[in-house]
Enquirer: 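I'd like to ask some things about the structure below.
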Amino acid sequence: QVQLVESGGGLVQAGGSLRLSCAASGSDFSINGMGWYRQAPGKQREVVAGITSTGNTNYADSVKGRFTISRDNAKNTVYLQMNSLKPEDTAVYYCRVKSTWGQGTQVTVSS
């Protein structure tokens with residue numbers, strides 16, 4: 001069974017950057033699309049970005065122009081580069097492939 005592990009979260013000042021990683025094990029994810037999601041306390045989980053097996057990408061309007069999703073199939077890893085971070089980006093970030101979710105990584109952006 002595939003397992004996903006997110007990393008790279010942390011505390012940053014507004015305007016700063018973070019790069020999240022999602023490493024897959026137990027299965028080759030290169031044939032599947034993957035997505036990044038986030039959820040803040042008291043709020044619904046929302047889609048942040050997605051990437052297809054061929055590399056096509058899509059973004060939520062709230063992060064378009066600031067975040068970039070990419071994948072390295074040789075490393076079974078998907079990334080989320082987050083620039084110009086805002087306090088509203090504070091949330092737990094999750095990656096997903098098919099029905100498998102990672103455990104999440106906390107991103108906190110201070111003013």
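When a residue number appears, it is its place in the shown sequence, counting from 1.
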Enquirer: Would Arg19 and Tyr79 count as having a side-chain donor-acceptor pair, cut-off 3.5 Å?
Expert: no
Enquirer: Let me confirm one number: the OH-CZ distance from Tyr93 to Arg38, rounded to the nearest 0.5 Å.
Expert: 4.0 Å
Enquirer: Apply the test side chain to side chain contact (heavy atoms under 4.5 Å, CB included) to residues Tyr94 and Gln103: give CA-CA distance (whole Å), side-chain angles for both, the deciding distance (0.1 Å), then the verdict.
Expert: CA-CA 7 Å; Tyr94 302 88; Gln103 86 290 344; over 6 Å; no
Enquirer: Can you tell me how far apart CD (Gln3) and OG (Ser25) are? Round to the nearest 0.5 Å.
Expert: 4.5 Å
Enquirer: For Met34 and Cys22, run side chain to side chain contact (heavy atoms under 4.5 Å, CB included): C-alpha distance rounded to whole Å, both residues' side-chain angles, the deciding distance at 0.1 Å, then the answer.
Expert: CA-CA 10 Å; Met34 298 186 67; Cys22 177; 4.1 Å; yes
Enquirer: Is any side-chain heavy atom of Thr108 closer than 4.5 Å to one of Gln106?
Expert: yes
Enquirer: Is any side-chain heavy atom of Phe67 less than 4.5 Å from a side-chain heavy atom of Leu20?
Expert: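 Phe67 does not reach Leu20 side chain to side chain.
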Enquirer: Any chance you could measure Asp89, atom CG, to Met82, atom CE, to the nearest 0.5 Å?
Expert: 7.5 Å
Enquirer: Between CZ of Arg71 and CD1 of Ile69, what distance do you get to the nearest 0.5 Å?
Expert: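 Those atoms lie 8.0 Å apart.
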Enquirer: Indicate whether any N or O donor in one side chain lies under 3.5 Å from an N or O acceptor in the other, for Ser17 and Asn83.
Expert: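 Side chains of Ser17 and Asn83: pair found under 3.5 Å.
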Enquirer: Ignoring hydrogens and geometry beyond distance, is a side-chain donor-acceptor pair present between Arg45 and Tyr37 at under 3.5 Å?
Expert: no
Enquirer: Which residues pass the side chain to side chain donor-acceptor pair (under 3.5 Å) test with Thr57, not counting sequence neighbours?
Expert: none
